[in-house]
Amino acid sequence: MARLTWTVLRDFDGGSTRIALAGNLTPEAEPHLGALLLEGSLDAPLTLVVDLNALTTSDVAPIAAFLARWAPDRPDGPELTLSTNPLTPTGRLLRATLSQHAILGRALLEQPAAGRELPSPRRAHLHLPARAQSPAAARQLVARQCRAWGMEAVADRAMVIASELISNAVQHAGTDMDITVAHVAGSLRISVRDRGGDTPSSTTPTLPRQMSEGGRGLPIIAALTTDWGFFTLGDGKTVWAAIGAPNGSTVGGRPVPISPPGSQRPPSPM
């Protein structure tokens, strides 16, 4: 039985993340897939595409059951779409099985979008080089979006967070980077993705070097945010921070989304 593998492709400008799966979903791989899907949402894309076209198994029940359990638990995430190939036996089985689930049936590509809300436009993105001027550009982006979204109450904190994340990426990763600002379920989420190879070395949660050297980054981020975290994939590292409503860390009685306990990076493909 082929092990489950995946590829992640991000379109920061267009606001989409595609996760292409191949192989078979085993019980041992389910926690890794769950972490991968969550982390695919933390760059605040407008759409999350789960590409099932490379699955070759004739037993589609495990992946369908997993997605059916996972999908209802993400009401504030990006627009979910599922891609299957109707010209292959596996694709036809997947479409027939997934269409029986209300959420997954609507998520199938080429299905009518009736009754589905359009993705929220409350997302802004900026591609920045590793230059000394980039933190100022990030502050300007955050200030502009806070004004546009009526979130002036958290604008000062958000600008400091964005400046610190970009400054650390410039200093320690030294690569170009993408900053994404999004208004998600009443909270402000800022994520910065660089192309550096600095990754945690074990499954125990640790800090990227850029967040721990010098003693500045972590205290600032921890003091100003409702929650924060990081995750790594093959194309680099994302450090994200969330700022809740001014009156607390919950919005509408719901907690601000956070990463799962344990490792903040998906383990190697199973």
Side-chain angles (χ1 to χ4, degrees), residues 12 15 38-39 41-46 76-78 120-173 177-194 196 205-231 236-261 264:
F12 285 99
L38 175 60
E39 291 165 357
S41 302
L42 291 179
D43 279 320
L46 295 175
D76 298 312
S120 168
R122 294 194 168 188
R123 175 190 183 274
H125 160 261
L126 192 61
H127 184 79
L128 294 171
R131 295 179 181 172
Q133 297 83 1
S134 290
R139 291 193 298 271
Q140 292 171 4
L141 172 70
V142 169
R144 182 174 66 248
Q145 297 310 129
C146 284
R147 288 194 301 269
W149 297 336
M151 303 189 75
E152 292 90 344
V154 301
D156 289 342
R157 281 193 291 159
M159 285 190 288
V160 173
I161 291 166
S163 183
E164 187 67 24
L165 292 178
I166 292 293
S167 295
N168 281 320
V170 169
Q171 181 178 356
H172 296 292
M177 65 204 77
D178 291 273
I179 178 171
T180 303
V181 185
H183 186 229
V184 181
S187 68
L188 188 73
R189 182 179 290 275
I190 303 169
S191 63
V192 174
R193 183 143 190 96
D194 62 51
T206 56
L207 296 177
R209 175 169 51 86
Q210 71 178 61
M211 296 300 293
S212 56
E213 284 188 354
R216 255 174 37 94
L218 174 58
I220 291 176
I221 299 302
L224 296 179
T225 60
T226 303
D227 195 42
W228 72 279
F230 68 90
F231 62 95
K237 172 179 71 278
T238 291
V239 182
W240 60 269
I243 306 175
N247 60 345
S249 62
T250 60
V251 180
R254 299 188 66 254
V256 174
I258 60 174
S259 59
Q264 300 200 52

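From a predicted model like this one, the values you see are computed outputs, not experimental measurements.
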For this session: Decide, yes or no, whether a salt bridge links D194 with K237 under the criterion of side-chain N to carboxylate O below 4.0 Å.
Result: yes
Exercise. Does some side-chain heavy atom of L224 sit less than 4.5 Å from a side-chain heavy atom of V160?
Worked result: yes
Exercise. Is there a side-chain contact between I179 and L165 (heavy atoms, below 4.5 Å)?
Worked result: no
Problem set entry | Pair listing, ring pair (Phe, Tyr, Trp, His ring centres under 6.0 Å) test, anchored in residues 123-145, at least two apart | F12-H125
For this session: May I ask you to decide if G236's main-chain N or O and R193's side chain share a donor-acceptor pair within less than 3.5 Å?
Result: yes
Exercise. Hey, what do you get for OG (S187) to CZ (R189), rounding to the nearest 0.5 Å?
Worked result: 6.0 Å
Problem set entry | All side-chain contact (heavy atoms from CB on, under 4.5 Å) counterparts of S134, not counting sequence neighbours | L128, P129, R131, I166, V170
Exercise. Could you give the distance from CE (M159) to CD (Q140), rounded to the nearest 0.5 Å?
Worked result: 10.0 Å
Exercise. Would you call V181 and W149 a side-chain contact if the rule is heavy atoms closer than 4.5 Å?
Worked result: yes
Problem set entry | T225 side chain reached by I161 side chain, heavy atoms, under 4.5 Å | yes
For this session: To the nearest 0.5 angstrom, please state how far the CD1 atom of I243 sits from the CZ atom of R157.
Result: 5.0 Å
Problem set entry | Pairing residues for T180 by the side chain to side chain donor-acceptor pair (under 3.5 Å) criterion, not counting sequence neighbours | none
For this session: Measure the spacing between CH2 of W228 and CH2 of W240 and express it to the nearest 0.5 Å.
Result: 9.5 Å
For this session: With sequence neighbours excluded, tell me which residues meet side-chain contact (heavy atoms from CB on, under 4.5 Å) with A136.
Result: R139
For this session: Would you mind reporting whether C146 and L188 have side-chain heavy atoms less than 4.5 Å apart?
Result: yes
